[in-house]
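Heads up: the structure comes next, in structure tokens.
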Amino acid sequence: MHNCPMTEFASAPADQAESQPQLLLVDGSSYLYRAFHALPDLRVDPNDRASQPTGAIRGVINMLTVLRKQYPKAQYAVCVFDAPGGTFRDDIYPEYKAQRAPMPDDLRSQIAPIHEAVDLLGWRVLAVPGVEADDVIGTLARTAAEQDIEVIVSSGDKDLAQLVTERITIIDTMSGKRRDLAGVQTEFGVPASLMVDYQVLLGDSVDNVPGVDKVGPKTAAKWLTEYGSLDAIVENASKIKGMAGENLRKALEWLPTGRQLLTIRTNCDLTGYVDGLPSLDAVTGREINAEAMVEFYKKYGFKTLAKGLEAGQSKTASPAAGSGPKSGSNSDPSTGDLFADPPAASRAGELKYDVVFDWPAFDAWLAKIEAAELTALDTETTSLDEMQARIVGISFSVTPGEAAYIPLAHTGPDTPQQLPLDEVLQRLKPWLENPGKKKLGQHIKYDRHVFANHGIEVRGYAHDTMLQSYVLEVHRPHGLASLAERHLGRKGIQYEDLCGKGAHQIPFAQVAVDKAAEYSAEDSDQTLDVHLALWPRLEENDKLRGIYELEMESSEALYRIERTGVLIDGDALRVQSHELGQRILALEKEAHELAGQPFNLGSPKQIGEIFFVKLGLPVVKKTATGAPSTDEEVLEKLAEDYPLPARILEHRGLSKLKGTYTDKLPLMVNAATGRVHTHYAQAVAVTGRLSSNDPNLQNIPIRNAEGRRVREAFVAPPGCVIASADYSQIELRIMAHISGDEALLRAFTEGLDVHRATAAEVFGVETEQVTSEQRRYAKVINFGLIYGMSSFGLARNLGIDNTAARNYIARYFERYPGVKKYMDDTRQSAKDTGYVETVFGRRLYLPEINSPNGPRRAGAERAAINAPMQGTAADLIKMSMVQVQKALDEQQRKTRMIMQVHDELVLEVPEAEVEWMRSEIPRLMAGVAALKVPLLAEVGVGPNWEQAH
DNA sequence: CTGCTAGCATA
DNA sequence: GTATGCTAGCAGA
């Protein structure tokens, strides 16, 4: 990085002029609300819901920190809040903001601490009675702009767009949106100078200010473009046709009032609040009052922020920052350095990206990562298929705002001389494989594979931002771009911008090195910053941190499973495919004859035409789009009276089998390993489960003999057997544990057949007297409970009427009152908090639990019932995987895990280890947690997966 | 070539 | 009635 060719990229606002003074204006009021609603319910004491809430405090601090980092040179900094009490607008129009709900208590109690924090962070806090925050912002912005100062207003509120001028830009720190002159024109279709006119036409439903009825963004923009201003529109009101024109004429009297209400004032008298205007000295940013800030962080339970600041204090006794933190006093404005001593968490500065082309530069970075406490690491590769991917380049970041990219295998035109891939990897290998050198990544399981493809087993991965996000906010997206936007307010380079998408996509290796460097370095940098934003939130919550640690350990176990792969007998499957093909052909012929014409049996649409138009069969039910359904249930019903549906039914079954399994699986065999390597998605399922794809090995058929033959092709290599270890009745056991229902607990503690026991209770007979029919009913009821069933669903499933189903459920709840209580309590707490928890504290959010849309809300309620059980089961099997992997490693066993299917672990076991495995694996699985009921794991062994059951 | 739907495989 | 992923067909680029 010193005497070597390199490129520097200034990220963030690249147009930031060096010498131009800047004023940062934050719309504190808009961010209060957004932080309050966006962040989970944080508390000083996470376990005490009555303790001081801190989510909004945290959010505002984060936002200011991000902003400060983006504009490190800003000289003036003000954060404006609404003052309590009415404003001049209420006098003009009593209905102003009449529909606004009062501020929630949990937010109100955070206002004073927020003001305190903002002040300690070195910002001037302003709240002026009688006018709104917007008016204060407008006044300050105009004053500053008149003095040739560049003004950056940060707000989540669109209304401020009317303030935009050449000197005034509105940014939305949370979404990264940037509204300057061009941005406003693009977004609204009118120039910034006409934004007031535009808003008056539209009105503002949030503030209860009417506009012109039926005039939306499109019409408003059209009129303004046509006539040039609202005044001109009013003058020509009589000429405007249609409904909108009529409404406009009706609104003519109102419009001047609307304009008064919606115009942001830029001439407020701020005397007494900002002395010294228009010199602006009064709002000069100060240094952080570090000492007091640490106290503040501690008081509100932000342990990591406190630690970071304390560390930063001792480390950076920089002379430029003066003699350390001073409380309250303004620093010398002539330094122009608003944030001389930022917390360690986000060192200010332009984002600096190095491209490493030669050995001296490489050595410098190697020394950096060797010395670093934590290094963010990212690879760019030739393929998304993790078993195939080869490295194209590697990036690192150890300090926020600084990153390096090492291009290694770019092949595009004009690619400069790159360092040799193999040699670089050899030199990085000791660091990569050193467990003491802590690393961090986004989706580290992928990078582990990539390095393994080059013979490197990475050790010392301490964090994965994807998993942090998954644990904190399971229902939100977890891609790095989403995380950066959501938590940093940063919008990076899109992958598609580099490589294009779809068929036109080019390999990453052909991307120009400078572009690739910018992209990759930014990824590492963002990964580090996202970590700094998310890890503190995990660290201060014991339960979530525990779940995160489980995810990190699972990630490594999953990597091992994926890497190992599964041996598939491709020839056996090809034989099955051929047989299925013959039978499918025969069925097609029969079906065509029965229909009297050829048609595609795989097309529900064509089947519909034949059935319901040509043959006049009765429509049993319709699909979501209103077309007559031809699904299995319908076909079964029609098959009672007609011959054709049965053929279709059989055809469906066979072609599903052939098309999805017997044809496809042999094609998925990896040429290098001779095995199939699925991918387990660890951050997809909202309940904490894994999902499996490419291929999906979690939906291999088992329910009928036809399908089970596919499982025979999952085989063990010579000298080994396949073992399947699965949890027995795991979700019902969890229901027993969570609900604490005595009857259910007893059934499991006594080792009874739980469906039989349920039948005995519901039908009021002795356990020995239960018929197989009764047991079948009980089983359906038990499953229904796990799914949050309704009587309607149960009736449909059992083929009984609704009243009978309701009776069964009533009988069940009579016999198992604890279960009833659990269901009710879970629904209620989901409504109160917006989430439910697993036994181990994994949070499962239900965004629609309070939806005004009935069916959606009902769906969320069912999910609320199911999620703790499904999620706890997921937690348990993840614990099992970690424990099993640990045991295999410690004892240097040859046994390998090869699959996970939600409540089942599949292993490949050398014959010599079968006895050990038979006793030890179930013991480990049963022992991962002590619930109120025993856990039971059962193991089967066979030459293939089918016979291991 | 892409995105949607209908249908269906698993726990 | 919970949670997923994959396929074929089909419509609109």
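A quick note: this is a predicted structure, and the numbers were derived from the prediction, not measured. Each chain gets a letter, A, B and so on, in the order its sequence line appears, and its residues count up from 1.
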Pair A:K543 + A:E837, salt bridge at N-O below 4.0 Å: yes

Atom-to-atom span, CZ of A:R857 to C1' of C:dG1 - whole angstrom: 17 Å

Interatomic distance, A:Y680 OH vs C:dT4 P [rounded to whole Å]: 17 Å

Nucleotide range of DNA chain B lying under 4.0 Å from chain A heavy atoms: B:dC1 to B:dA11

Integer-rounded Å distance: C:dG1 P and A:N802 CG: 10 Å

Sugar-phosphate, base or nothing in reach of A:G788, heavy atoms under 4.0 Å: nothing

Atom pair distance, as rounded to whole Å: OH in A:Y787 and P in C:dT4: 13 Å

Residue pairs fulfilling salt bridge (charged side-chain N to carboxylate O under 4.0 Å, His left out) with at least one residue in residues 682-706 of chain A, sequence neighbours excluded: A:R583-A:E706, A:R689-A:E731

Whole-Å gap separating P (C:dA3) and CG (A:D903): 18 Å

Qualifying residues under side chain to side chain contact (heavy atoms under 4.5 Å, CB included), relative to A:A759, sequence neighbours excluded: A:F763, A:V770, A:Q774, A:A778

Selection residues 874-885 of chain A - residue pairs positive for side chain to side chain donor-acceptor pair (under 3.5 Å), sequence neighbours left out: A:E551-A:K878, A:Y727-A:S880, A:T838-A:D875, A:R842-A:D875, A:Q885-A:D889

Residues which pass side chain to side chain contact (heavy atoms under 4.5 Å, CB included) with A:D464, listed by chain and number, not counting sequence neighbours: A:I444, A:M466, A:L467, A:M552

Contacting residues from residues 606-629 of chain A, given that a heavy atom lies under 4.0 angstrom of DNA chain B: A:T623, A:A624, A:T625, A:S629

Stretch residues 687-715 of chain A: residues that reach within less than 4.0 Å of DNA chain B through a heavy atom: A:R689, A:Q698, A:N699, A:I700, A:P701, A:I702, A:R703

Residues which pass side chain to side chain contact (heavy atoms under 4.5 Å, CB included) with A:A757, listed by chain and number, not counting sequence neighbours: A:A747, A:L752

Euclidean distance, atom NE2 of residue A:H504 to atom P of C:dA13 [Å, nearest integer]: 16 Å

Side chain to side chain donor-acceptor pair (under 3.5 Å) partner of A:T630, the single match among A:K621, A:R652, A:Q606, A:K605: A:R652

A:Q468 versus A:Y548, side-chain donor and acceptor atoms under 3.5 Å: yes

A:R709/A:E579 ion pair, N-O < 4.0 Å: yes

Cationic N near anionic O, under 4.0 Å, A:R675 to A:E908: yes

Counterpart residues, ring pair (Phe, Tyr, Trp, His ring centres under 6.0 Å), relative to A:Y835 (two or more places apart): A:Y845

Residue pairs fulfilling ring-ring contact (aromatic ring centres under 6.0 Å, His included) with at least one residue in residues 600-654 of chain A, sequence neighbours excluded: none

Sugar-phosphate, base or nothing in reach of A:E632, heavy atoms under 4.0 Å: sugar-phosphate

Charged N-O contact under 4.0 Å between A:E496 and A:K501: no

A:N797 side chain near C:dG1 phosphate (N/O to OP1/OP2, under 4.0 Å): no

Atom-pair distance (CD1 on A:I786; P on C:dG1), nearest Å: 16 Å

Interatomic distance, A:F599 CZ vs C:dG9 C1' [rounded to whole Å]: 14 Å

Sugar-phosphate, base or nothing in reach of A:F783, heavy atoms under 4.0 Å: nothing

Side chain to side chain donor-acceptor pair (under 3.5 Å) contacts touching residues 797-816 of chain A (sequence neighbours left out): A:S791-A:N802

Selection: residues 646-658 of chain A, any non-hydrogen atom under 4.0 Å of DNA chain B: A:R652, A:K656

